[in-house]
Participant: 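I'd like to ask you about the structure that follows.
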Amino acid sequence: MARKYATAVTIGCRLNQADTALIFDKLKNMGYEIVKPNAGHPLSIIVINTCSVTASASQKSRQAARSIKKKNPEAIVVVTGCGADIETDFWNEEQAVDLVIPNSSKTKIEKYLGKLENRIKSTNTTDESDSFIENAIGYYPFKSRANIKIQEGCDCFCTYCIVPYGRGKPRSRNWNDTIREFKELINRGHKEIVLTGVNIATYNDNGKNILALIKELANIEGDFRIRLSSTEPQFNTHELIDVIASSPKICRFLHLPLQHGTNEILKRMGRKYTTQDFAEFVLKAEKQIPDICIGTDVIVGFPGETEELFNNCADFIKQMPLSYLHVFRYSKREGTPAADYPDQVPHNISLKRHKKLSEIGKELSDKLISKQLNKSVKVLFEKHTSNNELVGWSDNYIKVRVRVNDAMADKWFNNFTKVKITKIIGQREAEGIII
């Protein structure tokens, strides 16, 4: 029997990566061999897992579909992800696409492939029950870390954000199904599992919340660690800090999207907290968890952001014990309230503000690593480079490079190893020696 090859192009967040891994598992069980897009095999199925958070992400998704179909004209091109829901009309008319699957049903790909026989390009059928079961195990053939999807959807409707329109209402994954996949990922040899979702802090399956889930997972036997992906601020749950501090299996890491450092802009964004709430939470985390890495997202150039408000935002960020910044220029998304705000910030001004905050972010990153110099950290090595380097991450999210003898590299690869940090070489990146 001839081999059938499948691949995917994943654009966007960790949740999309987790979804792609679940799709891979379904395709693998259907008899497809999973390969990289550029592996040179005759592809039968190509999945484009789209992102529509920004206009550039939407454009990237479109370019990917057209480019890969041109190179593989006989392959079935499947489009899913946020773009499938937000830009349905476009994808239904796109000649490079054979099948459009709603975002909420993307991991049920095996059911939708059969519809091609009836020349049905897309369907409006969606699955938005309050809890969901995947009945799959994320397949990561090219990665040592694994993401596990525990939550889906959002109903915050921040004024700049298109995600609720593409991901639907909040839903949590069935407790037992989550535990099952987590254990299987450990059995497959993954040493770091990242809990991911649109907002994992809202996880709740029949009264069992995110705190209970993390505790349950940390108590599973095995040599592994748990990392929380981006966590939308839920500052009424300070117990999350206690849970992270309670177990060495839980990474000393939090990514809390601030989005802006002034209450005026936070209110215009529709965010449900104040800078005071953010500061209280972050300062408690820093105090309770030594050397924790706390990162954040910040949007510059949001409508109504005056020079004074931007400077106040920058001053607030400088005062916080943050370890890095992801800085974004505001991207207008049609269909969101902020797109119609009259006081849009000129492009050249938002560029300058982006540069200034990015410089502050580098200073914060250097400060994090400088505190780690000559300290021992536990690193999970995930890559062996051609110039005799092992590259991995500490639990507090520092990228660490170590020079090794090739003959010894296998001993440490995909294993937790104690490393002494010796030198800063980049943003959240350091050199070290194995001890």
Side-chain angles (χ1 to χ4, degrees), residues 194 200-201 210-211 214 225-248 250-263 265-266 271-300 309-328 353-354 356-379 393-400 421 423-430 432:
V194 184
I200 63 172
I210 184 64
L211 306 178
I214 298 170
R225 68 188 183 194
I226 301 166
R227 189 180 300 278
L228 307 185
S229 65
S230 181
T231 308
E232 281 294 307
Q234 303 285 320
F235 298 125
N236 58 336
T237 56
H238 279 227
E239 294 88 347
L240 179 62
I241 298 169
D242 302 328
V243 172
I244 295 173
S246 69
S247 172
I250 307 171
C251 291
R252 296 172 297 167
F253 171 77
L254 279 170
H255 185 90
L256 303 168
L258 170 64
Q259 305 304 9
H260 207 268
T262 68
N263 291 334
I265 296 296
L266 287 177
R271 306 292 279 178
K272 305 299 191 295
Y273 54 86
T274 65
T275 55
Q276 290 78 12
D277 296 328
F278 185 90
E280 182 182 357
F281 191 90
V282 168
L283 291 170
K284 178 179 178 180
E286 183 211 23
K287 181 179 180 180
Q288 198 163 326
I289 306 170
D291 295 325
I292 186 173
C293 173
I294 304 174
T296 196
D297 298 333
V298 186
I299 298 172
V300 298
L309 287 173
F310 170 74
N311 288 331
N312 290 343
C313 172
D315 290 343
F316 176 78
I317 289 169
K318 289 177 186 176
Q319 296 168 15
M320 291 294 97
L322 297 170
S323 307
Y324 67 89
L325 305 179
H326 289 163
V327 185
F328 302 90
R353 293 175 182 175
H354 183 278
K356 182 174 179 179
L357 270 195
S358 296
E359 290 170 352
I360 293 172
K362 184 180 184 307
E363 294 171 4
L364 294 172
S365 173
D366 289 348
K367 189 182 297 184
L368 166 71
I369 300 180
S370 65
K371 292 179 180 178
Q372 307 296 301
L373 288 175
N374 297 314
K375 286 186 178 181
S376 170
V377 295
K378 190 159 69 170
V379 176
W393 293 86
S394 66
D395 77 298
N396 59 344
Y397 215 44
I398 297 173
K399 189 175 185 179
V400 180
I421 302 296
K423 183 182 178 182
I424 301 172
I425 59 174
Q427 285 192 268
R428 277 182 296 142
E429 190 168 357

Participant: What do the steps show when you test Ser323 against Leu364 for side chain to side chain contact (heavy atoms under 4.5 Å, CB included), and what is the final call?
Facilitator: CA-CA 5 Å; Ser323 307; Leu364 294 172; 6.0 Å; no
Participant: Short question: side chain of Thr296, backbone of Leu256 - any donor-acceptor pair under 3.5 Å?
Facilitator: yes
Participant: Within the supplied structure, the quantity of interest is the number of heavy atoms (other residues, nucleotides, ligands) at a distance under 6.0 Å from Lys272 NZ; does it exceed 12?
Facilitator: yes
Participant: What pairs with Glu363 under salt bridge (Lys or Arg N to Asp or Glu O under 4.0 Å), at least two apart in sequence or on another chain?
Facilitator: none
Participant: Judged by modelled atom types alone, do Gln259 and Asp297 share a side-chain donor-acceptor pair under 3.5 Å?
Facilitator: no
Participant: Charged N to carboxylate O under 4.0 angstrom, Asp395 versus Arg252?
Facilitator: yes
Participant: Show, in sequence, the C-alpha distance, side-chain angles and deciding distance for Asp242 and Leu211, and conclude whether the side chain to side chain contact (heavy atoms under 4.5 Å, CB included) test is met.
Facilitator: CA-CA 9 Å; Asp242 302 328; Leu211 306 178; over 6 Å; no
Participant: Got a sec, which residues hit salt bridge (Lys or Arg N to Asp or Glu O under 4.0 Å) with Lys284, two or more places apart in sequence or on another chain?
Facilitator: none
Participant: Check step by step if side chain to side chain contact (heavy atoms under 4.5 Å, CB included) holds for Val282 and Phe278.
Facilitator: CA-CA 6 Å; Val282 168; Phe278 185 90; 3.6 Å; yes
Participant: Does a donor on one side chain and an acceptor on the other come within less than 3.5 Å for Asn263 and Thr275?
Facilitator: yes
Participant: Can you measure from OG (Ser247) to CD1 (Ile214) and round to the nearest 0.5 angstrom?
Facilitator: 10.5 Å
Participant: State, with a plain yes or no, whether a side-chain heavy atom of Ser229 is found less than 4.5 Å away from one of Val194.
Facilitator: yes
Participant: Indicate yes or no for a side-chain donor-acceptor contact from Asn396 to the backbone of Cys293 under 3.5 Å, with no hydrogens or angles considered.
Facilitator: no
Participant: Determine the minimum heavy-atom distance between Phe316 and Leu258, stating which atoms define it.
Facilitator: CE2-CD2, 3.9 Å
Participant: Can you find a heavy atom in the side chain of Arg428 that is under 4.5 Å from one in the side chain of Lys399?
Facilitator: no
Participant: Is there a donor-acceptor contact under 3.5 Å linking the side chains of Tyr324 and His255?
Facilitator: yes
Participant: Which atom pair, heavy atoms only, marks the closest approach of Ile421 to Ala430?
Facilitator: CG2-CB, 3.8 Å
Participant: Is there a side-chain contact between Pro257 and Glu232, using heavy atoms and a 4.5 Å cut-off?
Facilitator: yes
Participant: Quick one: SG on Cys313 to CD1 on Ile360, what's the gap to the nearest 0.5 Å?
Facilitator: 8.0 Å
Participant: I need the single residue from Leu368, Leu283, Ile292 that forms a side-chain contact (heavy atoms from CB on, under 4.5 Å) with Pro321. Which is it?
Facilitator: Leu283
Participant: Quick one: closest heavy-atom pair of Ala201 and Ile210, and the distance?
Facilitator: O-CG2, 3.7 Å
Participant: Would you name the heavy atoms of Leu309 and His260 that are closest together and state the gap between them?
Facilitator: O-CE1, 3.8 Å
Participant: Under the salt bridge (Lys or Arg N to Asp or Glu O under 4.0 Å) rule, collect the residues that match up with Glu286, sequence neighbours excluded.
Facilitator: none
Participant: Rounded to the nearest 0.5 Å, how far does CG of Asn374 lie from NZ of Lys423?
Facilitator: 13.5 Å
Participant: Walk me through it: do Ser370 and Ile424 pass the test side chain to side chain contact (heavy atoms under 4.5 Å, CB included)?
Facilitator: CA-CA 7 Å; Ser370 65; Ile424 301 172; 4.1 Å; yes
Participant: To the nearest 0.5 Å, tell me how far Glu429 CD sits from Trp393 CH2.
Facilitator: 7.5 Å
Participant: Taking the side chain as every heavy atom from C-beta outward, state whether Leu266 and Thr274 have any atom pair closer than 4.5 Å.
Facilitator: no
Participant: Do Leu254 and Phe281 touch side chain to side chain, with heavy atoms closer than 4.5 Å?
Facilitator: yes
Participant: With rounding to the nearest 0.5 Å, note down the distance linking CZ in Arg227 to CZ in Arg225.
Facilitator: 5.0 Å
Participant: Is the shortest heavy-atom distance from the side chain of Phe310 to the side chain of Leu357 under 4.5 Å?
Facilitator: yes
Participant: Is there a side-chain contact between Asn311 and Lys356, using heavy atoms and a 4.5 Å cut-off?
Facilitator: yes
Participant: Distance from Ile250 atom CD1 to Ile226 atom CD1, nearest 0.5 Å?
Facilitator: 5.5 Å
Participant: Considering non-hydrogen atoms only, spot the tightest contact between Gln372 and Val377 and give its length.
Facilitator: OE1-CG1, 3.7 Å
Participant: Compare every heavy atom of Ile289 with every heavy atom of Ala245, then report the nearest pair and how far apart it is.
Facilitator: CB-CG1, 3.9 Å
Participant: Main chain of Gly361, side chain of Ser365: is a donor-acceptor contact present, judged purely on distance under 3.5 Å?
Facilitator: no
